[in-house]
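Because only heavy atoms are used, hydrogens play no part in the values below, and waters and symmetry mates are left out as well, while side chains stay in. Sequential numbering from 1 along the given sequence is applied to the chain's residues.
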Amino acid sequence: MPGCRGSDVTRRRPGSGTSGSGPRRCRRSGWKAHPPAPVLPNRREAPGWPEGLVGSMTHYDGYRAVALARAVDVIAVGIDAEPNAPLPDGVLEAVSLPAERAWISDLTTARAEVSWDRLLFSIKESIFKAWYPRTGYGLGFEQAEVTVPPQSHTFTCRLILPEQTPPSSWLTDTQGRWLVWDGLLVTSRVVSAGRPGTGPGARC
């Protein structure tokens with residue numbers, strides 16, 4: 001995933017917003033074909049993209065990235081970057097389901113070079129960043145069940161939603177990609193507007 005490197009990125013806690021001078025500078029240069037417009041955070045610190053655009057942004061310790069697309073081409077996008085390092089003690093239990101902890105244990109034994117617990121956290125962040133701008137509905141970590149195939153850089157996610165959740169079945173069963181790059185775990189989820197299965201009532 002393309003990104004910007006620099007030293008002006010504010011440190012953030014896991015799960016916090018992506019405000020800061022680095023992402024703002026990166027997103028201003030990320031879509032030069034679109035007229036200049038302010039990108040202001042909402043009450044959950046998510047960026048409010050200009051009319052006609054969808055996007056997501058992330059940053060961590062010198063890395064910053066913005067993904068932008070035209071709304072006619074892409075329904076939703078979420079990206080996240082985290083250090084390739086284990087989560088702090090106690091965090092995994094707060095953000096994971098028992099089935100997820102099982103595959104994390106198996107993959108940690110098989111491929112210790114990847115911090116699988118942190119990857120799970122990043123994947124859920126990407127999913128939530130794609131979900132919330134479309135629905136306005138916040139999700140808990142227990143509402144996303146993630147699976148990572150052992151020999152690929154992809155993931156699948158099933159959202160576990162209450163009946164009153166706004167209908168967005170195009171993102172209920174979802175897929176995405178991840179990579180390890182320069183000491184970081186980078187994850188992404190993009191829902192294309194023109195793909196079969198992204199219409200109302202369909203699965204991704």
Which residues pass the side chain to side chain donor-acceptor pair (under 3.5 Å) test with [X], sequence neighbours left out?
{"X": "Arg111", "answer": "Glu113"}
{"X": "Gln151", "answer": "none"}
{"X": "Ser105", "answer": "none"}
{"X": "Glu145", "answer": "Arg158"}

Out of Leu97, Val95, Val146, which one pairs with Phe141 under the side-chain contact (heavy atoms from CB on, under 4.5 Å) rule?
Val95
Decide side-chain contact (heavy atoms from CB on, under 4.5 Å) for Glu82 and Leu184; before the verdict, give the C-alpha distance in whole Å, the side-chain angles of both, and the deciding distance to 0.1 Å.
CA-CA 6 Å; Glu82 301 289 337; Leu184 294 175; over 6 Å; no
Any residue meeting side-chain contact (heavy atoms from CB on, under 4.5 Å) with [X], in chain and number order, not counting sequence neighbours:
{"X": "Thr156", "value": "Thr147, Gln175"}
{"X": "Thr109", "value": "none"}
{"X": "Ser96", "value": "Leu92, Glu100, Arg101, Leu120"}

Atom pair [atom1] ([X]) and [atom2] ([Y]), whose distance is rounded to the nearest 0.5 Å:
{"X": "Phe128", "Y": "Gln143", "atom1": "CZ", "atom2": "CD", "result": "7.5 Å"}
{"X": "Thr187", "Y": "Ile123", "atom1": "OG1", "atom2": "CD1", "result": "6.5 Å"}
{"X": "Arg177", "Y": "Ser152", "atom1": "CZ", "atom2": "OG", "result": "7.5 Å"}
{"X": "Leu87", "Y": "Glu93", "atom1": "CG", "atom2": "CD", "result": "9.5 Å"}
{"X": "Leu161", "Y": "Thr135", "atom1": "CG", "atom2": "OG1", "result": "9.0 Å"}
{"X": "Tyr60", "Y": "Thr58", "atom1": "OH", "atom2": "OG1", "result": "11.0 Å"}

Quick one: closest heavy-atom pair of [X] and [Y], and the distance?
{"X": "Trp181", "Y": "Leu179", "answer": "CB-CD1, 3.2 Å"}
{"X": "Arg189", "Y": "Ile127", "answer": "CG-CD1, 4.0 Å"}
{"X": "Arg134", "Y": "Ala130", "answer": "CG-O, 4.0 Å"}

Using atom types as modelled and distance alone, determine if a side-chain donor or acceptor of Arg118 lies under 3.5 Å from a backbone N or O of Pro86.
yes
Mark yes or no for whether Asn84, through its side chain, and Ser115, through its backbone, hold a donor-acceptor pair below 3.5 Å.
yes
Less than 4.5 Å apart, side chain to side chain, heavy atoms only: is that true for [X] and [Y]?
{"X": "Val191", "Y": "Val74", "result": "no"}
{"X": "Val186", "Y": "Tyr63", "result": "yes"}
{"X": "Trp131", "Y": "Tyr137", "result": "yes"}
{"X": "Glu142", "Y": "Ile160", "result": "no"}
{"X": "Leu107", "Y": "Pro150", "result": "yes"}

Can you tell me which residue pairs pass the ring pair (Phe, Tyr, Trp, His ring centres under 6.0 Å) test with a partner in residues 97-119, sequence neighbours excluded?
Trp116-Trp178
Using the side chain to side chain donor-acceptor pair (under 3.5 Å) definition, which of the options Ser188, Ser126, Ser56, Ser122 pairs with Asp80?
Ser122
Residues forming a ring-ring contact (aromatic ring centres under 6.0 Å, His included) with Phe155, sequence neighbours excluded
none
